[in-house]
Amino acid sequence: MSGFFSTPIEYLKGVGPQKADLLKLELKLFTYGDLIQFYPFRYEDRTRFYRIAELDESLPHVQLRGHIRAMETIGEKSKKRLVAYFTDGSGELELVWFQAQKWVARQLKPGVQYVVFGKPSRFGSKYSIAHPEIELLSPQSERTGYLQPVYTSTEKLKIRGLDSKGISRLQEQLLALALEHIHETLPASLLALYSLMDKREAMRQIHFPSGNEQLQKARYRLKFEELFYIQLRLLTLKLSRTEKYRGQVFNDPALLTRFYTDHLPFDLTGAQKRVIKEIYADVRSGRQMNRLLQGDVGSGKTIVAFISTLLALGSGAQAALMAPTEILATQHYQGLKPFAKKMGLTIALLTGSTKTKTRRQIHEALESGHLHILAGTHALLEDPVQFQNLGMAIIDEQHRFGVAQRARLWQKNREYPPHVLVMTATPIPRTLAMTLYGDLDISIIDELPAGRKPIKTVHRYDSHRLRVFGFMKEQIALGRQIYVVYPLIEESEKLDLKDLMDGYESIARAFPQPQYQISIVHGRQRPDEKEWEMQRFIKGETHIMVATTVIEVGVNVPNASVMVIENAERFGLAQLHQLRGRVGRGADQSYCILMSDVKLSKEARIRIETMVRTNNGFEIADIDLKLRGPGDITGTQQSGLMDMTIADLTKDGEILKLARQAAIDVLENDPELNSAQNSNIKRQVDAQTKEVVNWSKIS
Ligand code: ADP
Ligand code: MG
């Protein structure tokens with residue numbers, strides 16, 4: 001934005017220092033630019049006047065025209081209210097105020113013509129409107145056929161006259177001054193191709209729509225622009241990285257072929273094969289790979305990871321596999337070890353609890369190149385860990401690692417950065433992935449190994465616990481193992497532990513030793529204790545594992561076929577889905593039992609019903625996105641990227657796809673944005689870059 005838009009907000013007529021301070025404090029509006037981009041969050045329909053006789057309860061807010069016949073205060077104490085009898089000749093309704101009654105009563109005069117706006121509700125045969133908007137009938141208020149913008153305001157602002165209407169008046173002032181400074185920010189070719197409204201008109205229509213159609217076009221245009229520039233930034237980042245970082249070329253498939261022909265334990269699914277092809281194409285291209293691998297729990301990402309390491313190893317490089325927890329890193333290590341052994345490859349595990357001596361040996365073997373594969377936790381990132389030549393870095397469960405940690409892995413290599421494969425089992429809706437991981441290439445395993453039986457999920461109230469115990473006993477008699485999981489909420493760890501211990505006791509009573517053996521795992525245990533309990537379950541020595549959510553991530557016990565989730569209402573959808581994914585890994589029919597209280601919030605009910613209805617991780621992710629909004633889902637605050645003024649990833653997926661494609665097309669033809677045609681884009685990108693730089697200086 002040009003200089004005009006950096007003008008401090010107090011320069012606007014009608015603002016002044018006091019109001020300016022409030023606007024800054026309450027709404028973070030500092031400049032003209034901030035204010036003009038402070039868009040209404042909804043619009044009220046003032047397109048026509050209704051007659052009282054035609055009201056019905058299905059109507060949203062309506063606009064009426066008439067006069068007050070009489071007023072009175074009725075009721076006692078908290079029921080006390082001011083009622084005005086309002087008529088327009090076709091009938092009568094009651095306007096009701098529970099608050100500020102005296103003040104309202106002083107303002108209103110019987111017999112005078114008013115315009116009233118509000119939502120009618122029906123009591124018996126009569127309609128009433130509680131706390132309506134009311135103003136004198138005037139040429140201005142009588143104007144129909146428009147949509148009234150509604151802006152967010154706060155109590156403090158309202159006292160100073162800056163309610164929604166007050167803000168709208170400021171916008172009117174500002175817009176009159178600003179129009180000539182608003183320049184087109186998209187190239188004419190895109191405006192034409194996507195039938196977008198021009199910028200100036202869009203800014204006018206968003207604040208003062210002349211009709212619904214224009215409003216929709218304005219919103220569409222502004223959303224498109226916002227998403228376009230986010231995508232452009234991400235794609236530019238990706239492009240510059242591709243140019244800056246050469247990748248090692250791994251084009252010797254001998255090792256992979258040997259694994260395929262001699263040791264592959266099952267046929268790969270079509271999706272697994274496709275993803276391996278994508279990875280192979282990357283690592284032989286000469287460019288550094290940065291790829292996100294998404295696959296639902298149980299879709300078989302581990303074998304894909306192993307085959308990826310073979311690509312690097314086949315050309316004499318090393319590979320690392322980093323997981324967020326010790327348990328998971330250990331499991332990966334144990335999962336890969338048999339394959340490595342068969343292939344004559346060396347593999348080691350490095351975690352926080354690796355003994356100093358072993359640690360030193362690992363460091364040496366890594367540097368000399370004798371160690372081929374290193375699995376581990378964050379410990380991999382520590383400084384003494386130096387590879388001879390790290391060719392492939394695989395990061396499991398990305399959402400637990402920050403972008404900064406990803407970057408540190410890169411620096412583990414001297415000449416070339418390693419190829420990076422990020423794996424996540426949390427399906428992310430496409431729209432979100434395009435933004436969060438817009439700088440990565442994305443591969444998706446969207447197919448489960450053949451012969452998997454879908455997990456049967458049911459919802460049971462706590463009062464049916466005995467029946468659930470009965471079912472668990474039947475399953476144990478069939479030789480199966482069972483998880484019972486309790487929620488863990490960090491701020492009340494004590495309480496959770498109590499829940500867990502109470503639960504453990506009731507289970508221990510219902511499943512007495514020596515017939516039944518139980519493992520217990522929770523966050524308060526020492527790592528070795530935890531490990532021991534886990535191992536007993538993994539080896540099949542215990543029938544039931546009672547745990548907090550430490551098992552959420554990645555644990556693989558194919559013989560476990562029942563997942564009981566206690567207080568299921570306290571888990572988010574993504575977490576429930578993750579937990580359920582711990583079962584259904586073997587050939588047996590698996591079950592997930594969601595236990596809850598009878599009383600459930602609306603959202604909790606939707607979550608549980610969704611789980612019962614579907615096993616599809618992407619469908620679940622979509623619903624999760626709608627319930628929670630994008631910020632929450634990722635867990636990490638991706639600075640800046642997710643701050644949008646008008647676009648909404650939960651609703652604007654279609655626009656996002658078009659905007660991303662538009663950005664791809666632009667960069668393909670003109671990566672430096674030097675052509676005259678793209679001068680608008682260039683100007684906007686430069687302005688944004690300046691803004692980012694300024695901010696980085698401030699903070
Ligand atoms: P996730 O994607 O959750 O990491 P895993 O890699 O742990 O899934 O795989 C889950 C289970 O499915 C493992 O026991 C694995 O051996 C098995 N598996 C993976 N791919 C196949 C396949 N193509 N056919 C049969 N079983 C498979
Ligand atoms: Mg896994």
Side-chain angles (χ1 to χ4, degrees), residues 256 259-261 263-279 291-310 319 321-325 327-342 373 375 394-401 421-428 442-455 480-481 483 534 537-540 549 551-561 563 574-590 592 615-618 620-621:
L256 183 130
F259 180 69
Y260 259 62
T261 43
H263 304 297
L264 197 65
F266 33 65
D267 288 335
L268 296 176
T269 63
Q272 285 170 321
K273 284 184 199 158
R274 190 186 63 233
V275 169
I276 290 166
K277 272 191 202 136
E278 286 166 349
I279 293 169
R291 188 169 281 281
L292 174 73
L293 172 56
Q294 278 202 67
D296 215 340
V297 275
S299 62
K301 292 185 292 300
T302 310
I303 191 99
V304 172
F306 182 71
I307 289 171
S308 306
T309 66
L310 290 183
L321 200 160
M322 186 163 78
T325 65
I327 292 177
L328 189 56
T330 309
Q331 186 131 23
H332 273 312
Y333 168 70
Q334 282 163 350
L336 296 185
K337 205 160 75 172
F339 292 140
K341 206 167 166 194
K342 281 187 191 140
I373 306 172
I394 300 172
I395 308 178
D396 196 11
E397 315 288 353
Q398 151 75 10
H399 61 300
R400 304 244 161 165
F401 290 109
L421 181 67
V422 174
M423 303 198 294
T424 166
T426 314
I428 303 165
I442 298 179
S443 290
I444 296 181
I445 306 187
D446 50 6
E447 183 185 348
L448 292 180
R452 282 286 163 78
K453 295 192 184 77
I455 300 162
R480 312 281 143 69
Q481 289 168 282
Y483 295 103
M534 291 282 302
F537 188 73
I538 291 170
K539 288 182 199 144
T549 41
I551 63 155
E552 177 193 344
V553 178
V555 177
N556 189 14
V557 181
N559 191 47
S561 66
M563 168 65 66
Q575 226 183 352
L576 288 172
H577 182 61
Q578 281 287 311
L579 285 169
R580 177 168 62 184
R582 298 305 116 215
V583 298
R585 305 190 145 224
D588 307 315
Q589 176 63 54
S590 290
C592 174
N615 272 302
N616 182 325
F618 284 94
I620 290 172

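Both ligands and their constituent atoms are indexed starting at 1 by order of listing.
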Legend entry - Proximal ligand 1 atoms for T302, defined as those under 4.0 Å from one of its heavy atoms: 4 (O), 5 (P), 6 (O), 7 (O)

Inset, instruction - Mind checking whether D296 contacts ligand 1 via backbone (N, CA, C, O), side chain (CB onward), both or neither, at a 4.0 Å heavy-atom cut-off? - result: backbone

Legend entry - Given I303, T302, L264, the one that forms side-chain contact (heavy atoms from CB on, under 4.5 Å) with F339: I303

Inset, instruction - Taking the side chain as every heavy atom from C-beta outward, state whether T309 and L321 have any pair of such atoms under 4.5 Å apart. - result: no

Inset, instruction - May I ask you to identify, for L268, whether its side chain, its backbone, both or neither come under 4.0 Å of ligand 1 on a heavy-atom basis? - result: backbone

Inset, instruction - Check each atom of ligand 1 against the heavy atoms of T269 and keep those under 4.0 Å away; list them by number with element. - result: 23 (N)

Inset, instruction - Determine, considering heavy atoms only, which of M423, K301, R452 sits nearest to atom 17 (C) of ligand 1. - result: R452

Inset, instruction - Please list, chain by chain and in numerical order, all residues satisfying salt bridge (Lys or Arg N to Asp or Glu O under 4.0 Å) with R291, sequence neighbours excluded. - result: E278, D282

Legend entry - Atoms in ligand 1 flagged as close to S299, the criterion being non-hydrogen separation under 4.0 Å: 2 (O), 8 (O)

Inset, instruction - Please state whether G295 comes within less than 4.0 angstrom of ligand 1, counting heavy atoms only. - result: no

Legend entry - Approximate separation, where rounding is to 0.5 Å, of Y483 OH and C592 SG: 12.5 Å

Legend entry - Under-4.0 Å salt bridge between R580 and D296: no

Inset, instruction - Output the list of atoms in ligand 1 that are nearer than 4.0 Å to some heavy atom of D267, sorted by atom number. - result: 22 (C), 23 (N), 24 (N)

Legend entry - Interatomic distance, K301 atom NZ to I394 atom CD1 [nearest 0.5 angstrom]: 12.5 Å

